[in-house]
Structure formats: structure tokens, C-alpha cells
Amino acid sequence: MASAAGPGQGGSAPPLAVQRGIVKMVLSGCAIIVRGQPRGGPPPERQINLSNIRAGNLARRAAAGQPEAKDTPDEPWGFPAREFLRKKLIGKEVCFTVEYKTPQGREYGMVYLGKDTSGENIAESLVAEGLASRREGIRANNPEQSRLAELEEQAKSAKKGMWSEGTGSHTIRDIKYTIENPRHFVDSMHQKPVNAIIEHVRDGSVVRALLLPDYYLVTVMLSGIKCPTFKREADAPEVPEPFAAEAKFFTESRLLQRDVQIVLESCHNQNILGTILHPNGNITELLLKEGFARCVDWSIAIYTRGADKLRAAERFAKERKLRIWRDYVAPTANLDQKDKQFVAKVMQVLNADAIVVKLNSGDHKTIHLSSIRPPRLEGDSTQDKNRKLRPLYDIPYMFEAREFLRKKLIGKKVNVTVDYIRPASSATETVPAFSERTCATVSIGGINIAEALVSKGLATVIRYRQDDDQRSSHYDELLAAEARAIKNGKGLHSKKEVPIHRVADISGDTQKAKQFLPFLQRAGRSEAVVEYVFSGSRLKLFMPKETCLITFLLAGIECPRGARNLPGLVQEGEPFSEEATHFTKELVLQREVEVEVESMDKAGNFIGWLHTEGLNLSVALVEHALSKVHFTAERSPYYKALLAAEEAAKQKKEKVWSHYEEVPVEEVVPVLEEKERTANYKPVFVTEITDDLHFYVQDVETGAQLEKLMENMRTEVGNHPPVEGSYAPRRGDFCIAKFVDGEWYRARVEKVESATKVHIFYIDYGNKETLPATRLAALPPAFSTRVLPAQATEYKFAFIQVPQDDDARADAVDSVVRDIQNTQCLLNVEHVGPGCPHVTLQFADSKSDVGLGLVKEGLVMVEVRKEKQFQKVITEYLNAQETAKSARLNLWRYGDFRADDADEFGYSR
């Protein structure tokens, strides 16, 4: 029996101090724990044992480390006495007096319900109900003890409680401390609420509960959340994590020894996961809302009242930076609202988890789908090491995932909600470097695209550390979709053989292209998907019926050439090449189109017409002044449409036709019509040699005019100096630029990267430079190109081929720079080619051919032309080439290398 030792008897004693508190816990029929009021943290507490009475001991489990020890059962009427006090006192305010304190620190006294000693005497109530007895050997020497004796006699007479007939064995609980099969036990409850008493609170989200009426004593972890815990290490005191004590007190003060209902939802090891229901609310959601807990992914899915409620409660605490979230910074905290949520048009699907969208501003932005991972190669791949990996076709289900997104999204408007910005990461031994990524939830027609992709088994959900908040705002739906896909064996989770895509890439493969050409020509219009846009008129197509990739060139037009990244050299694009590329991308990239193949070039690229939604792309480019009609279009059925479109574009004088009136008519007359070669050399001054062996010259006859114009312009600028920073450069504008020598020269703006990076072209000299806008100014009208046209004219050597090898090309350029830059030469136009006229150049003094000299030195190769008027000079060039080859000079030092060169560059013997 649990009994209380009474105070020593003696003479009169001073009145005992009355103290107050709130009952936190009832330990037994004669012992309680009283706590104070919380002030800045969990309050102090103390155990009070009731004086002069005894009640039955409660059951105790044998100590874990003592195999000989046995469980101790309840003593008769011990549990009813505990329950009597629990229902009467838990959470109530009481007052008490301490009458006696043992040397071991145990305190004994009288407890009264209420704020003063006029309230109900708890010891007397227990004795009156027959749930406790007076301590043996106590004589009725004072009124309190006399009152207990009187109440005990009344209880005996009424046969209450322990004084009733029988042994009281029916009051002894059969407590079950372990469950053999916890999962079966949980399933047998069918998620129906079970009555229970919370016996102990381990931390804010883990409790010990006594399930009624069968007295199962189980550990219950709250589903979907986790509170800060108390770390326990061997031979060391408990160390609470931040807010662990506060979270524990929050749960204790609401649930400890309260009557509750528990929905048993799952089990983890021997612990049961569940939700505790109390008339005053759901403790799981309350803990989250007050910032005492965080959601946990591994158990949130089994929370039967909806994971969205838990996420919303956690979000509430995060937004207010409550407790564990005091240092929380939202993943999108630095974004404006317009950058967090917006509507955009999908332009391209980059991968199975990324898209490029066009914003209302016209800018393009790459968006990654939050929290999903595209298909990838797992384990040891059987990939042929001699063949380059093509992720779209070689990774199982990557093609299906890309196609799902392409068909759903391309050209459609979607809703984008940015979830987080993933910062850039540097490369490691196993992981490549990643640039900064904007990760978002993308939806169309109310459907979350990432969720749809995952539910079809075409992507998987990324697992995060518990404290990693950078995840999808619909993460739980993604997990649920993945669970459905696994259950139904969809896509990546299927047990069937993975789909194989044998796609032949015949781009640049001349032999395969020749075999394939007749088939495509006979097919008429064939279906295709535009996989990539290299430039306005050069595309890569996927032919689904033929399962092959081809490079396709638009017929009938001459489109501005785009920039090229060659090894060690960035070759800038022609004006409006970027606009043409952008136009073609917006119109056809990743769209389903129809193509008519007419022919192929010597590099294995197919040439023909491309139609999208009834529109001929060649005609559209000409119509928008982004291409000119090529003479080869004369034989096509679309020639009239092309001419009409070109004529309309010329009249508008936009883009490629912006300087239409300045184009000399003579240059349009093709030299090819001549029956004999015309040698009409004129004196020129070579001002610039480019890295691809083009060169710019000034006409010697107009040299005096240029000098006079420059002198007058500099005088004008000196008298009226431009205000620094007042000029805003725009692409295509004529301006003046301050060169490194401090003088001003006429120029044209080629590209504007930023205020500090403006690419300009000196129109009278042919050189290019990147300058800040502060070194540019508006071109005075008196010195415009209408007064004196641009003096630098671009030419290319006729009858020679520039080597593709970087070092070899550099040798040729160095030789030309050394021989003719900033010198006077004689120039003859041989024929007009794409881009610029092809000419021969002679040294002014010796009259020897500069191009022929390059061939003799083995620095370049001969370009064989079949026109009759050129045969004499071509023969001379070929003889010089054979001489250089025999002498193993420069290009030929290892013999004739051309048989092994890349077909796509069109080298031929």
C-alpha cells in the first residue's frame, strides 16, 4: 500500500503556509504532482503526498535490465483511487499545506480543491469513498484525524470501495505492455477512434497511452509531425533540442492524464502512429500552428485528416516565424509577387523536368518542375562505350516523358508558381556543376504537370532531408501520385521490358543521306518534329515514321548566318541572324510539321520546304524581312509567293532590307553569266583581315573624301563634344565610337549586351570592338552614310578553301596579315557568292596573286569551280597545290589528309 507518514505529534505548532498550484499528474491514490504557472518556459513542479492515508499501489513494469525481476500488478482498489483523483484534479487549481518533509525530500501535506483551505479536502474525499484508509497506528489526536476516522467508519458501514464484500480483484487491471503483432493490431481497429488515457508525455509528439477497455499500454507517435526531442547519450544527462521542453509542456498541459480518443493509423517498429483527438482540438495541428513541430514526409501520408491541413498549419507558423521557425526564411522570400506567380507560354521542353517559357515581357525563362527527377540510367549501363550517349533516346522512358510534356504544353499558356530557387552548385567527382535553377509548380487547366508526369511513372519524386524546405508546394500530392504509379506498375515502376528507341542520326552522314534521299523525295509531304533550331533556316528534325534524325535546310531563301563557336574562335553572326533564329524557334520548335524534301547538299543535309499549320516557313521568313529570296527558288512552286513576300518586305525597308536603297544594282548581276573571265583590277587599301580569312578594303579613289570627312567630323565633335552617357545604343544604329587612339570613327552597333558591353563595327575600316556606351555618341547627320557610304567593303578570296583546323587557319591568317594588311593592293571581282563577293588580290608592286601564293605555301586548298571562264586560273591554282603537296608544305606535311576529313564541311578532292 502507498501510505503517508504523518507529522510528529507534539504541542501547538504555528499555522502552516498555504501554497497553490495546478495539478499536472496523479501518481497514485495518495500522491500528485503540482506545477506552478509558466513564465518564459515550463513551470516548476513538486510532488505532494497526502498525509495520514494510504491507497493501493499501481502496477509497475519490471526493470528492463533485470531479467529476474517481474512485473508488479495493481493492488486492489489502487487504480479506482487513481482514477477518482485524476478525474477530480487534473488541470484544476488546488491549494496545499506541507506538514512534513522527510530527510529524503518527500513532502507530505493536506490538499484542498480550490484557492483556499475551505475547498474540498482530497484525503477526506478518498476515505469517504472507501478508496483509501487511514494510516495504521494513527490515533485521533486532532480534529483532522478524528474527521478521517469518522469518515472511514461511515465508508465501512456503507461498504464502499475497499470495504465492500470480496477481495477487490475486479479492480486489478490486466495491463498488456507489449503487442505481438502491432500492424495486425492497428489494422483490426479499422481506424476507428479508441478511448484512451495519456499516461506519459515523452516529448511533444510522442506519448504513452493506456488504451481502453483492454488496458494496452502503447507508445503513440503523432502521425505526420515531429517535435524537438531530448537527446540521450550513454552516461550523459539529457540535452533538450531548442523548444523541446516547451513543446513537451504544451502537450502535457493539454493531454497528460486526459480522456482522449486515438485513431490508430499505422505502426513503425513497435511504436504506433496515430492521431489524438480531444474535445478541445487536434493536438497535431495545434503543435504545428504554434511552431512546436514540423511536418515529416515519411508519416504525413497516413494522417487520416488530410496532409494539406498539416502543411497549412506549418505554413502558418513559418509565416509568423514562431518558435522553431524563428530564423525561417521562405525559399521565395526575395521574389516579388509577380515573379512568384505568373502566366507564361511554353516554348520548349528541355528535359523531362524542365521547360522554357515566354513571359509577358517577351523574355524567355527556364523553369524546372519542383521536386521531381526525370528518368535516368540506373546501375551498370549496357551503353556502348564507343557510341555517344543520347539521353532522349537511350535513357528508358526519357523519350516518353519528353513527348508527354511536349504534346501537353508546347505553345500553350500555363500557370507557374515558383516554389524555390535552387542555388548554383560547383562540380564534384560524381556530380556535375549546376547553374541556378528556378523550380516551380506548373499547371494547365487545373492539372499539376509534375503530378501527372509522376502518376504515369515518367518521373520520380526527390526525397529531402527533413529540414530542407526547398520543395514543391504540392509535395504530398507528388508522393501520393508516385505511390499510385508504383502500385499500378506504371512506366519506370513497370516489370515489363523497357521501351527501346532505335533512332538513326543521319545528320552529316553523306552516304546514309544519299540512300535516304529518294525515299523522302517520293514521300511528298512527310511528318516531322522539329528537335532543334540551329539558325533561321537550319533545323534538326525527327522523322517519327522513319525513326531517324536529319538536318534540314530551308529551300529558296538566303537567311543571315548565325554566330558559330569554333575551337578558339567565336565567329559572330550576320545582322538579324539572331532575330531569324528566334522567329523560327517561336514558330516551329518542338512542333509537329510537314516537310517536302527536294535535294541534299554535299554535307548530307536535306534541302526542302517546311510547313506548319498551313504556313510555309521560307515564305514567312521572307515576309518578315528576315531572309532574302535565293535564285534557286525560281524552279519551285513557291517562287511567286516568295517574290511577293520579298517585294512587300523591301517596301517596308525593315531588318535585312533596312538599307535596301544603298545596295548597288551592279552587284546583283551574276558574274556567272559572263563567257570569259574579266580582269579589271582596281587599287584598294586593305584595312582588316578577319579570323576566317575574309578581308575589308577601302577604295583608293575615294580615300581623299574619307580623310576630309573624318577631319571635318572630328572638328565638329571637338567643338560640340557629346555628353557622356547621353547616347543609348540600339542594334543596327549608326554612331561614332572613340577608338583606342582617342579619335572618333564612324561605326555601327552590332549587339548590345549591357551598358558596359556594346559590340560595334567600324564601317570605314572593317574592324570590330566591344566598348562601354560611354565611348559612343550619335553620328552627326552631316557625316552619315548618305553623305559618304561606308568605306570598308568585305571580300573573300576566290578559288581557295580555308582550312577548318584552328592552327592551320591561324597560319594562313597570320601570313595574309603579315603580307597585305594596311597596304595597297589590286582587286578583281571574280564572282558573287553568298555573303560577299569572291575576288583575287594582287600585290601592287609585283602584281603576283596573293591567293595563289597561299596555295603555293600549302596554307590553303583550292576550291574547284566548273565555270569555263575560270578553268585557266583554276588549273594554275591546282598545279601550285600539287607542288605544295609534293613538297609536304604546311597542310600537306602528313600527305593528303582530305579523305579523312569531316564530310559536313564539304571537302572534296
> Step by step, would you call L841 with F843 a side chain to side chain contact (heavy atoms under 4.5 Å, CB included)?
CA-CA 7 Å; L841 207 60; F843 292 106; over 6 Å; no
> Mind checking what makes ring-ring contact (aromatic ring centres under 6.0 Å, His included) contact with H759, not counting sequence neighbours?
none
> Should the pair Y745 and Y765 be assigned to parallel (<30°), tilted (30 to 60°) or perpendicular (>60°) ring geometry?
perpendicular
> Looking at R402 and E531, is any side-chain nitrogen of the basic one under 4.0 Å from a carboxylate oxygen of the acidic one?
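A salt bridge links E531 with R402.
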> Treating R561 as the side-chain partner and S577 as the backbone partner, does any N or O pair qualify as donor plus acceptor under 3.5 Å?
no
> Do side-chain atoms of T547 reach the backbone of P544 as a donor and acceptor pair under 3.5 angstrom?
no
> Checking Q515 against Q511: is there a side-chain donor and acceptor pair closer than 3.5 Å?
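No, no side-chain donor-acceptor contact under 3.5 Å.
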> Got a second to check how far W609's CH2 is from E598's CD, nearest 0.5 Å?
6.0 Å
> Can you measure from CD (Q521) to CE (M600) and round to the nearest 0.5 angstrom?
10.0 Å
> Indicate the atoms forming the closest heavy-atom contact of Q791 with D764, along with that distance.
N-OD1, 3.0 Å
> Would a line drawn from the ring center of Y696 to the ring center of F761 be shorter than 6.0 Å?
yes
> Kindly determine whether L392 and V503 satisfy side chain to side chain contact (heavy atoms under 4.5 Å, CB included), including the steps that lead there.
CA-CA 10 Å; L392 184 61; V503 178; over 6 Å; no
> For R809, is there any backbone N or O sitting under 3.5 Å from a side-chain donor or acceptor partner on D806?
no
> Would you say N767 and T687 make side-chain contact, with heavy atoms under 4.5 Å?
no
> Counting the benzene-type ring for Trp, do F542 and H501 have ring centres under 6.0 Å apart?
no
> Tell me if the CD atom of E753 is crowded by more than 12 foreign heavy atoms within 6.0 Å.
yes
> Determine whether K585 and Q348 make a side-chain contact, defined as any pair of heavy atoms from C-beta on separated by less than 4.5 Å.
no
> Just how far is it from atom CD1 of I800 to atom OG1 of T840, taken to the nearest 0.5 Å?
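Output value for this atom pair is 11.0 Å.
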> Does some side-chain heavy atom of E688 sit less than 4.5 Å from a side-chain heavy atom of Q821?
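A side-chain contact under 4.5 Å exists here.
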> Give, for atom SG of C559 and atom CD of E574, the distance between the pair rounded to the nearest 0.5 Å.
9.0 Å
> Looking at K655, I'd like to know if its NZ atom is crowded, meaning that more than 12 non-hydrogen atoms belonging to other residues, nucleotides or ligands lie closer than 6.0 Å.
yes
> Evaluate the side chain to side chain contact (heavy atoms under 4.5 Å, CB included) criterion for residues F870 and R677: first the C-alpha distance (whole Å), next the side-chain angles of each, then the deciding distance (0.1 Å), finally the verdict.
CA-CA 6 Å; F870 297 139; R677 177 179 176 240; 4.3 Å; yes
> Just so I know, are the side chains of E546 and F516 near enough to count as touching, which here means a heavy-atom distance under 4.5 Å?
yes
> So, taking the atom named CD in E654 and the one named CG in L626, what distance separates them when rounded to the nearest 0.5 Å?
9.5 Å
> Taking E558 first and then K628, would you say they form a salt bridge - that is, a charged N and a carboxylate O separated by under 4.0 Å?
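K628 and E558: not salt-bridged.
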> What pairs with H624 under ring-ring contact (aromatic ring centres under 6.0 Å, His included), at least two apart in sequence or on another chain?
F583
> Whether K358 and E586 form a salt bridge (side-chain N of Lys/Arg under 4.0 Å from carboxylate O of Asp/Glu) is what I want to check.
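Yes, this pair counts.
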> Less than 4.5 Å apart, side chain to side chain, heavy atoms only: is that true for V802 and D692?
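The answer is no, as the side chains (C-beta and beyond) never meet within the 4.5 Å cut-off.
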> Taking the side chain as everything from C-beta on, heavy atoms only, tell me whether L643 gets closer than 4.5 Å to E646.
yes
> Is V864 close to Y877 at the side-chain level, that is, under 4.5 Å between some pair of heavy atoms?
no
> Measure the spacing between CG of L589 and CD1 of I410 and express it to the nearest 0.5 Å.
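That separation rounds to 6.5 Å.
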> Got a salt bridge between R406 and E592, using NZ or NE/NH1/NH2 to carboxylate O under 4.0 Å?
yes
> Can you list the steps and then say if S815 with E857 is a side chain to side chain contact (heavy atoms under 4.5 Å, CB included)?
CA-CA 10 Å; S815 175; E857 291 294 322; 5.8 Å; no
> I'd like to know whether the aromatic ring centres of F799 and F797 sit less than 6.0 Å apart in this structure.
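Not close enough - the centres of the two rings lie 6.0 Å or further apart.
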> When you compare the side chain of L541 with that of L610, does any pair of heavy atoms fall below 4.5 Å?
yes
